[in-house]
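Remember, it's 1-based here, ligands and their atoms both numbered in the order they're listed. All values below were derived from every heavy atom in this structure, side-chain atoms included, with hydrogens, water molecules and symmetry-related copies excluded.
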Amino acid sequence: MTFQPTHPIPYGRQNITDHDIQAITETLRSDFLTQGPKVAEFEEKFAAYIGARYAVAVSNGTAALHLCTLALGVQPGQRVITTPITFAASANCVLYCGGEVHFADIDPTTALIDLRQVRALLEAHPKGYFHGLIPVDFAGLPVDLAAARQLADEFGLWIIEDACHAPGGFFTDPTGQDQRCGNGQFADLAIFSFHPVKHIATGEGGMITTNNPELYEKLLLLRTHGITKSPALMHKNDGGWYMEMQLLGYNYRMPDILTALGISQLQRADAGLARRRELAARYDAAFAARPAIRALATAPGHAYHLYVIQVPDRKGLYDFLRERQVLAQVHYIPVHTMPYYQELGWHAGDFPHAEQYYAHCLSIPLFPTLTDEEQQYVIDCILEFVV
Ligand SMILES: *Cc1c(COP(=O)(O)O)cnc(C)c1O
């Protein structure tokens with residue numbers, strides 16, 4: 001092994017170019033720091049990229065989830081199903097509205113929510129017992145939303161697709177059409193995050209996409225305190241200054257400074273995605289002959305936010321890599337095993353596939369600026385430890 005890293009190699013990393021920096025500085029010199037023309041431009045371009053009718057830029061992915069549960073009218077006591085293998089926010093957004101989170105176990109081959117388990121859960125209760133489903137395109141592997149929609153329609157559920165890991169990803173529907181994650185064909189609402197480790201990085205930022213005009217109008221209101229300045233929507237009009245607060249909303253705006261960065265980043269989204277897929281294919285090939293290293297299922301539309309391997313001694317490998325400057329990470333500690341969720345009544349042992357997955361999983365470095373040399377170093381380290 002000749003290559004030695006001069007700095008730690010993280011599992012994910014943003015890529016900021018001179019063009020990005022120029023986009024921000026131009027906005028700083030403009031008239032708008034927040035809610036100016038860059039917000040609308042980013043929303044329009046993002047919607048076009050995803051193939052959805054509407055996009056609403058918000059402060060972060062968690063705010064996006066919260067606005068979705070608000071717009072769908074989640075009420076205290078309403079029950080919503082999600083996956084235990086996700087970031088806590090996918091579940092927390094239900095609690096923000098006083099709802100109840102339920103989980104369905106994952107399919108161990110994909111680490112995605114297992115729709116057969118969802119069906120079993122739905123069938124074990126009377127119709128109307130559950131109100132919504134929040135599937136997550138975990139690691140960038142798209143959920144089969146056509147199947148999820150069928151199930152949701154059968155049991156009267158809404159769907160929020162947590163597509164934070166999968167901008168640019170797609171699945172193929174039963175008619176043979178490729179369907180982009182978040183395009184609003186199947187889910188009522190979809191959400192994205194622009195946290196630095198995600199495909200498009202703005203520091204903080206998020207987006208909601210939908211094809212539903214009523215939900216879109218509601219999201220716009222909820223994003224800015226429930227206040228409208230649009231005369232067409234107001235009950236009366238006292239003059240040019242007049243505005244109306246019609247709902248209890250929040251300040252979940254994404255500023256112009258950051259949407260300008262998002263627009264610039266979006267221009268490189270396809271190139272970044274192509275590089276992620278290339279790196280993933282190299283990992284697949286490198287580990288194929290080592291049965292002790294198990295990769296998750298792949299698919300042509302995989303967006304590869306994460307590259308996850310499962311190994312017998314995960315903690316050993318994590319520590320071994322750290323000593324060699326490779327900062328792998330674990331995604332995720334199952335949500336239902338978090339102390340907060342245990343207080344709500346969930347127990348270790350409730351979702352054995354998720355817990356088994358957690359015991360062995362490790363996300364290894366995957367981001368567009370990871371060099372071939374760095375990747376080879378990561379591969380060599382892993383193959384040295386996992387024999
Ligand atoms: C990042 C992420 C979120 C939350 O996004 P933030 O912008 O960090 O609030 C939600 N769900 C998933 C699956 C994520 O990866």
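- The protein heavy atom nearest to atom 12 (C) of ligand 1 is Asp162 OD2, 3.5 Å.
- For ligand 1, the atoms closer than 4.0 angstrom to any heavy atom of Ser90 are 11 (N).
- Near Asn60, meaning under 4.0 Å from any of its heavy atoms, are these atoms of ligand 1: 7 (O), 9 (O).
- For the pair Arg79 and Tyr129, the distance from NZ or CZ to the six-membered ring centre is under 6.0 Å and the angle to the ring normal is within 45 degrees.
- If you take CZ on Arg223 and CZ on Arg253, they are separated by 8.5 Å, rounding to the nearest 0.5 Å.
- If you chain together hydrophobic residues whose side chains sit under 4.5 Å apart, Ile309 and Leu112 never meet in one group.
- Figure legend: cation-pi geometry between Lys229 and Tyr242 absent, as NZ or CZ is not positioned both under 6.0 Å from the six-membered ring centre and within 45° of its axis.
- Put simply, no part of Gly206 is less than 4.0 Å from ligand 1, judged by heavy atoms.
- Residue Ala89 has no N or O atom closer than 3.5 Å to an N or O atom of ligand 1.
- Rounded to the nearest 0.5 angstrom, Leu222 CG and Asn251 CG are separated by 12.5 Å.
- Contact analysis puts Lys198 in contact with ligand 1, with a non-hydrogen atom separation below 4.0 angstrom.
- Only the side chain of His165 comes within 4.0 Å of ligand 1, judged by heavy-atom distances.
- Of all atoms in ligand 1, numbered sequentially from 1 with element shown, those under 4.0 Å from a heavy atom of Gly61 are 5 (O), 6 (P), 7 (O), 9 (O).
- Phe42 and Phe194 have their aromatic ring centers within a separation under 6.0 angstrom.
- For the pair Arg180 and Tyr49, the cation-pi criterion (under 6.0 Å, within 45° of the ring axis) is fulfilled.
- Of all protein heavy atoms, the one lying nearest to atom 9 (O) of ligand 1 is Thr62 OG1, 2.6 Å.
- For ligand 1, the atoms closer than 4.0 angstrom to any heavy atom of Thr86 are 13 (C).
- Ligand 1 lies nowhere less than 4.0 angstrom from a heavy atom belonging to Phe192.
- Here the CG-CD1 distance, from Leu220 to Ile208, works out to 9.0 Å after rounding to the nearest 0.5 Å.
- Using a cutoff of 4.0 Å between basic side-chain nitrogens and carboxylate oxygens, Asp270 and Arg276 are not scored as salt-bridged.
- Protein heavy atom at the shortest distance from atom 8 (O) of ligand 1 is Ser193 OG, 4.0 Å.
- Counting the atoms of ligand 1 from 1 in the order shown, those under 4.0 Å from a heavy atom of Tyr332 are 15 (O).
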